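Okay, so here's the structure we're looking at.
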Amino acid sequence: MDDAFSFSFSLIFPISTPLFPPPFSLLKSSLSFFSSPAAARKIDLSLMPVQLGGGGKVAEPKDLAATDKDRPSSKKNRRRQKKPATSAAISPPVAAMQTLFDTSREVFQDSLPGFVPPPQAVARLAALLNDLKPHDVGIEPSMSCFKNVDSKGPPRVTYLHFYDCPKFSFGIFCLPKSAVIPLHNHPGMTVFCKILFGSMHLKSYDWAKSAPDSDNNALETSDGARLAKVNTDAVFDASSETTVLYPENGGNLHCFTARTACAVLDVMGPPYNRADGRDCSYYDESPYLSSSGGDARYSWLKENHSTFEMKAAAAAAAAAAAAEMSVWNYVVTAHKPTSVTHSCVGNFTGPNQLNLIVASPMIDVPIYGRIATLELFRPHNETQDFLFIATERYKFCVLQWDGEKSELLTRAMGDVSDRIGRPTDNGQIGIIDPDCRLIGLHLYDGLFKVIPFDNKGQLKEAFNIRLEELQVLDIKFLYGCVKPTIVVLYQDNKDARHVKTYEVALKDKDFVEGPWSQNNLDNGAGLLIPVPAPLGGVIIIGEETIVYCNANSTFRAIPIKQSIIRAYGRVDPDGSRYLLGDNAGILHLLVLTHERERVTGLKIEYLGETSIASSISYLDNGVVYVGSRFGDSQLVKLNLQADPNGSYVEVLERYVNLGPIVDFCVVDLDRQGQGQVVTCSGAFKDGSLRVVRNGIGINEQASVELQGIKGLWSLKSSFNDPYDMYLVVSFISETRFLAMNMEDELEETEIEGFDAQTQTLFCQNAINDLLIQVTANSVRLVSCTSRELVDQWNAPEGFSVNVASANASQVLLATGGGHLVYLEIKDSKLVEVKHIQLEHEISCVDLNPIGENPQYSSLAAVGMWTDISVRILSLPDLELIRKENLGGEIVPRSVLLCTLEGVSYLLCALGDGHLFSFLLNASTGELTDRKKVSLGTQPISLRTFSSKGTTHVFASSDRPTVIYSSNKKLLYSNVNLKEVNHMCPFNTAAIPDSLAIAKEGELSIGTIDDIQKLHIRTIPLNEQARRICHQEQSRTLAFCSFKHNQTSIEESETHFVRLLDHQTFEFLSIYQLDQYEHGCSIISCSFSDDNNVYYCVGTAYVLPEENEPSKGRILVFAVEDGRLQLIVEKETKGAVYSLNAFNGKLLAAINQKIQLYKWTLREDGSHELQSECGHHGHILALYTQTRGDFIVVGDLMKSISLLVYKHEESAIEELARDYNANWMSAVEMLDDEIYIGAENNYNIFTVRKNSDAATDEERGRLEVVGEYHLGEFVNRLRHGSLVMRLPDSEMGQIPTVIFGTINGVIGIIASLPHEQYVFLEKLQSTLVKFIKGVGNLSHEQWRSFHNDKKTSEARNFLDGDLIESFLDLSRNKMEEVAKGMGVPVEELSKRVEELTRLH
């Protein structure tokens, strides 16, 4: 087992059942293909302009006291003049906007000039604004209004107008980077400002009440300038609280400067009004000079009578500017497919190397196809096995492993498709003759394709043989036959099952009747197992019996407990023992008892329980690989003795499988714009919920409140102690020491030789069992054993230490004025070795050893003020080796020399959250491969730490990040903490590999997750979850599930609605559905005139005698005290496949109809759902998504249609449809105009609404604008992001949709600007020339849109997996690609690395 080699391929064989079962069986299928709706929305016509249909007419606000036209204009009002909404008018996610409107109306209900709302009202509105995110108000950082399109002029500010009345107004200021809103006032107004994304510098004033200079107390100058006092002068970003300015204080006059592209939401009351003398005034600043000099707290402000021009836009029109991006999409995998269908064992990489080969893409071997057959075989005169692969699109290849070059060689390839033929319903079958005379393929009904081998083991031309049996269930080659012989398991037209044998006459290219046959087998017979010689024959696996037959008329049978067995693995080379896995996850051992070469009987023994097996491979010494497509794959050990539960199976290792993902929801628990995906995964007993998040978790073990921590270091009790003992905590004017006691608890202690009355700048264990403490005044050496002072170095008079670094034998100090002092520890003494003065102040230093000696460094890194550079100096002479100018104005705050995966790096972190990385030659000090990434917005502090014996780097900042290396490439993974000020490793015996972390006001100790990109938490259910939904208000998740019950008499299913806590995932409540009632859809929503939030569940009664459900229910639940309470139930005339919140109402897809229900109040105070209107015309409306008044419907067979709700007529009408016959599996609206769909041939496509078309016929047709073969069956598309959106990251501003598939894929579809799409399209075309798929399969053909009707080239979609594989190329290959692109390799690498941050 030690030399077992795992080898995997990228796409896998389809499920053996029909890919899209008849409509009624959709409800019964374990891989249910329904869609459930998006988050709830509510819209008030008084708030937003809405499209009424047809043209571009916009409804006037209905219940407002006044609008813009009722009030005199002002300068600011003129700048904000609304443009009429176009036919592309959008409704932002209006639930949040409605709440903002309602709250603002209440807060400013008494608004007059000078009015100040009550404190509780201010707090309520500010809290609401604090929670707002860009997507809540319908904006994206990628919108054109956040970009400076005119490079010659200053960046232009855009104002998105949302609402205006005499009491209050609100809107959003959109500032490109470096844009400025000059200093202006807010006369008599209270203003709430909240930054939605980006960062800006805000400076604000209030009019001074008195002058600071007693000699000159004038508040106004003769030229009209007034004295103002600075209120705020700071940088704010999206994490900053809402600022509130008042008529007389709080910074009533302010100006903004955008440090990055940013958006600021303003709510003000009352608005500017020129007629009332409250126009907007702009001011020039001049310094205030008193008799004693300047005072920066004050300035003279003088009105400049100029008008600052902004671009005004309706919110709808501005959002539409981003819509054009949705045409060009980038598709990339965030979590690879993990479902396993095939596995085999052999000697592939060498004669003496045992390999496990798995048909699942767990490593990056590109196969441009879905694998239908995966078989090992040994050609004549070869010492190792070859691998035969056939794909669903009828391509095949034969692969060989070249051990010398460590690469795959393609020995043969070809196309075995036929121009005429009906593809087999039961999946393709590929088999290889045991004597390597031919390969057989069953691809089309009634045909058996033969690919013969010649005498040298080369493949010859393929040919077809007519096969009489049409409903073939399985085919295998028999062992030990003089001529190649197949055994066929088939079903006749009376549903009886039989086996028949045929000899293959290669010369005649025909079948010859075989030596034997067996009729009238078990009606559930579905699997053949050929038995090797000398026993020979075949085992036929049924649902109730297992039969053995051979050419000698031997017939042996054994009854079994009813089950479906589809996976087997041979244990012994002679075929006397087999492992069988059934659909309940039970592993059996089948034994053929025999006397010499004659089988005398069959025995079957229970071994234990595993995941539901799709493949079984016996490796060696009782170790078995169980591949699964319904649960986690496993490596198990078969023990000789049973455990207390009677099981002989011991699970050695699990391999996580998310497939099949039937549904998922995106949950942003921390409201930071980073989603966790909660999936309904697995099937039957292996069903589970999986919580998938990007980044690394810190699992807190202990914490204590401590304010003002300035530094953290861990120390050992002796130099060679494997564990840390002390934790040094530094504050502004003291240092405290914590130690682990005998009970493994932290308690405060003293280290007598340390100075506890001052701030510590650095601590370190040193050679000779010494401890180092660096303070502003000295460096102290303290004995580990006595804890007494051994030696001390004092800073020169007039100087103090600013920054310091040390290792076990060296100390490096900066003492101000550019002075750099280097000390070494010799004979337990501190010896000053070198002292130099640099031309600028030093901002940070590091001398972490990166060479062979872990206790001594020959290099030092120094970061500089003024020239903004980082320098590499040699030790001990402090000679300059390399100076790297960083550019810009931001000072380096932390430098680190480190070695990750054997590669040395210099990391340099800036004060604005950016990080530079360089490859470092540890011998020469040379720096290469400069790269820059954004990790946050605040200064970063870098520290190394170890996890499971591997070194990583922790970047403490407002967005803490772990930097690690994988395949010699630096990767960045965010940590699930909001902000970390300081971190140090704290590896104790009680909590190994833990970290000490200082946050604002808190010190905590925690362990860190495995260092990987995606983390998956499993919540086992032992039943199958089908639909899931999150409700933020009740802090819960609800899902529909079912449990399979099997007795000796019958099988049944019980369906539930379950409720669980969204953080602990503790089960809170359960609601059992009626007999035959299935949960089909679930959403969380609210209704008009009702402040409560509900779960709505759509069901169907799936009766055995009905082909299609004729009855269902809509159940409305409230969460009360953590329990599900049924509030309303509404019976429906069919299955409720989909539910959506819709304008304060409920939209349901019920069989062929779209039905709208309104929420009405009865006289007794209870509520009911009342039908308002509907729309017919669908075959089965399975999926719906809504946006404003528009409804997109995904039909079982009729692709995508677009409906619109007309308020005046209270009717739903069809606007347009896609006339292609696509069988849909998921839909989503990318924006108002572009809709994306997935269909059952593993394709995705986009359609566009033809709003501007000239004729009604064209407007009634959805234009297909994008097509792409994903190769995965998509069950759900949802808006969301797996990564933190950084405002100054280009990728952080790109809208994304997440998808989940049957094979366990979680992927991202990102909408790109056209210029970026064109660039990446060229890169994709270039990469195809350098990255060849296995077997020379064509990438272009693989990604082409393909179904039964047509095949067309992919368009307006890019293969992100291929593009990002650029980063895995050798440096030489990278340079060749970059040359072909005409771009420097560093720039190309940077652009591709940015793309990886989408996921």
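Note that the structure is predicted; figures quoted are calculated from it, not measured.
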Strictly distance-based, threshold 3.5 Å: is any side-chain N or O of [X] a donor or acceptor partner for the main-chain N or O of [Y]?
X	Y	value
Arg1278	Phe664	yes
Asp266	Gly171	no
Thr103	Leu125	no
Ser104	Leu100	yes
Thr1296	Gly1280	yes

Looking only at heavy atoms, what is the nearest atom pair of [X] and [Y], with distance?
X	Y	answer
Gln1155	Cys1173	NE2-O, 3.1 Å
Leu1037	Val667	CD2-CG2, 4.2 Å
Leu1124	Ser1069	N-OG, 3.0 Å
Pro271	Pro166	CD-O, 3.3 Å
Asp663	Arg1027	OD2-CA, 3.3 Å
Ala1149	Thr1184	CB-CG2, 3.9 Å

Tell me whether the centres of the aromatic rings in Phe256 and Phe173 are closer together than 6.0 Å.
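For Phe256 and Phe173, the ring centres are not under 6.0 Å apart.
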Verdict with reasoning, Thr1036 to His1062, per side chain to side chain contact (heavy atoms under 4.5 Å, CB included):
CA-CA 5 Å; Thr1036 60; His1062 76 175; 5.6 Å; no
Parallel, tilted or perpendicular, as decided by the 30° and 60° cut-offs, for the rings of Trp1159 and Tyr1094:
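The arrangement is tilted - the two ring planes meet at 30° to 60°.
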Hey, what's the ring geometry for His186 with His254, parallel, tilted or perpendicular (30° and 60° as the breaks)?
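Perpendicular: the ring planes of His186 and His254 meet at over 60°.
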Between [X] and [Y], is any pair of side-chain heavy atoms under 4.5 Å apart?
X	Y	result
Ser239	Asp958	no
Tyr1071	Val1097	no
Ile1298	Val666	yes
Cys1096	Phe1087	yes
Ile139	Leu160	yes
Cys193	Leu265	no
Pro247	Phe115	no
Met200	Val264	yes

Check against side chain to side chain contact (heavy atoms under 4.5 Å, CB included), Val1093 and Ser1084:
CA-CA 7 Å; Val1093 182; Ser1084 170; 3.4 Å; yes
Does [X], at its [atom1] atom, have more than 12 non-hydrogen atoms belonging to other residues, nucleotides or ligands within less than 6.0 Å?
X	atom1	value
Arg1058	CZ	yes
Gln1125	CD	yes
Glu1000	CD	no

Report the C-alpha distance between Asp1231 and Lys1249 in whole Å, list the side-chain angles of each, state the deciding distance to 0.1 Å, and finish with yes or no for salt bridge (charged side-chain N to carboxylate O under 4.0 Å, His left out).
CA-CA 10 Å; Asp1231 57 44; Lys1249 181 173 64 172; over 6 Å; no
Under the rule for side-chain hydrogen bond (donor to acceptor under 3.5 Å, both in side chains), what residues qualify as partners of Glu241, not counting sequence neighbours?
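With neighbours one apart ignored, the set is Asn130.
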Quick one: [atom1] on [X] to [atom2] on [Y], what's the gap to the nearest 0.5 Å?
X	Y	atom1	atom2	result
Ile172	Lys194	CD1	NZ	11.5 Å
Ile1083	Phe1142	CD1	CZ	12.0 Å
Asn1140	Arg1187	CG	CZ	13.5 Å
Thr1186	Ile1191	OG1	CD1	7.0 Å
Asn231	Leu245	CG	CG	8.5 Å
Ile1294	Ile1308	CD1	CD1	12.0 Å

Is it true that [X] and [Y] make a salt bridge, defined as a side-chain N closer than 4.0 Å to a carboxylate O?
X	Y	result
Arg124	Glu106	yes
Asp1061	Arg1035	no
Glu1172	Lys1145	yes
Lys1158	Asp1089	no

Assess whether ring pair (Phe, Tyr, Trp, His ring centres under 6.0 Å) is satisfied between Phe192 and Phe170, documenting all intermediate values.
CA-CA 9 Å; Phe192 295 75; Phe170 62 89; over 10 Å; no
Given side-chain hydrogen bond (donor to acceptor under 3.5 Å, both in side chains), test Asn1143 with Asp1189 step by step and report yes or no.
CA-CA 8 Å; Asn1143 294 350; Asp1189 292 333; 2.7 Å; yes
Test log, rule side chain to side chain contact (heavy atoms under 4.5 Å, CB included), inputs Thr243 and Thr232:
CA-CA 10 Å; Thr243 60; Thr232 303; over 6 Å; no
Should Ser1171 and Tyr1157 be marked as a side chain to side chain contact (heavy atoms under 4.5 Å, CB included) after you check the CA-CA gap, both sets of side-chain angles, and the distance that decides it?
CA-CA 4 Å; Ser1171 177; Tyr1157 295 93; 4.1 Å; yes
For Glu1168 and Lys1130, what are the C-alpha separation, side-chain angles and deciding distance, and is it a salt bridge (charged side-chain N to carboxylate O under 4.0 Å, His left out)?
CA-CA 8 Å; Glu1168 68 173 339; Lys1130 177 74 174 179; 5.8 Å; no
